[in-house]
Amino acid sequence: MYKEKVRADNTIQAHDVEELERFSTLHKKEWYSIVEVAKEIDVPQTTIRHWEKEGLVEPSRNLENGYRQYNRADLRRLLIIRTLRSAVYSLEVVGEVLDEIDQHSISHAEKIASDALQHMDYIIQQQLRAGIICINYVSLYKRKILHKNWGHPL
């Protein structure tokens with residue numbers, strides 16, 4: 001969860017521009033395959049296909065072979081989707097954010113992204129608390145076993 005939070009935070013902070021520019025400088029092409037895109041944004045191809053099926057991204061198709069072709073705008077959109085999904089937002093909410101961005105309501109989209117990061121912080125805190133509780137229980141259990149088996153004081 002922490003890794004996802006860091007990645008989401010970095011993407012939001014950079015407004016996806018730096019990551020997109022890095023990809024564009026590595027690959028100076030007009031169109032990118034699903035293999036290239038999946039590798040670059042670190043999600044499985046099946047996930048990208050699912051997002052397409054849900055109507056979140058609509059790549060064009062190569063007229064010769066029917067393969068998906070992604071341009072820079074598609075990449076930016078996929079980075080946003082990835083970021084919001086890693087913040088545990090539903091595909092419905094992701095679609096709403098993308099609509100806001102499409103309508104140039106960037107401030108509302110940024111608010112949703114900020115809320116997502118706060119939610120991820122909360123989840124991470126809860127995971128850490130649960131870990132500490134587990135450690136305490138294991139420690140207590142070990143002490144009780146030692147006391148029971150060897151008569152050591154607690």
| Neighbour count >12 (heavy atoms, 6.0 Å) for atom CD, Gln126 |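 Yes, the 6.0 Å shell around CD holds more than 12 heavy atoms from other groups.
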
| said: Can you confirm whether the side chains of Arg49 and Gln45 place a donor and an acceptor under 3.5 Å from each other? | reply: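 On atom types as modelled, these side chains qualify, holding a pair under 3.5 Å.
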
| query | Do you reckon Ile81 sits in the same ILVMFWY cluster as Val35, going by side-chain contacts under 4.5 Å, direct or chained? | reply |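 Result: yes, single cluster for both.
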
| message | If you define the side chain from C-beta out and look only at heavy atoms, does anything of Arg82 sit under 4.5 Å from Trp51? | response |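 Contact flag for Arg82/Trp51 side chains = yes.
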
| said: How close do Gln69 and Asp74 get, counting heavy atoms only, and between which atoms? | reply: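 Shortest heavy-atom separation between Gln69 and Asp74 comes out as O-OD2, 3.8 Å.
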
| request: Quick one: closest heavy-atom pair of Pro44 and Ala38, and the distance? | output: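 Scanning both residues completely, I find the closest heavy atoms to be C-CB, 4.2 Å.
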
| query | If we only count heavy atoms from C-beta on, is the Ile48 to Ile41 side-chain gap below 4.5 Å? | reply |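 Counting from C-beta outward, Ile48 and Ile41 do come under 4.5 Å.
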
| Interatomic distance, Ile34 atom CD1 to Thr47 atom OG1 [nearest 0.5 angstrom] |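 The OG1 atom of Thr47 is 9.5 Å from CD1 of Ile34, to the nearest 0.5 Å.
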
| field | Minimal non-hydrogen separation, Glu36 against Trp31, with atom names | value |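 The pair with the smallest heavy-atom distance is OE1-O, 4.4 Å.
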
| Any donor-acceptor N/O pair, Arg68 side chain to Arg61 backbone, under 3.5 Å |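 Answer holds: no.
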
| query | Would you say the side chain of Ile132 lies within less than 4.5 Å of the side chain of Asn136, judging by non-hydrogen atoms? | reply |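 Counting from C-beta outward, Asn136 and Ile132 do come under 4.5 Å.
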
| request: Give a yes or no on whether the backbone of Val37 and the side-chain of Glu40 come within a donor-acceptor separation of less than 3.5 Å. | output: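 Such a contact is absent between Glu40 side chain and Val37 backbone.
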
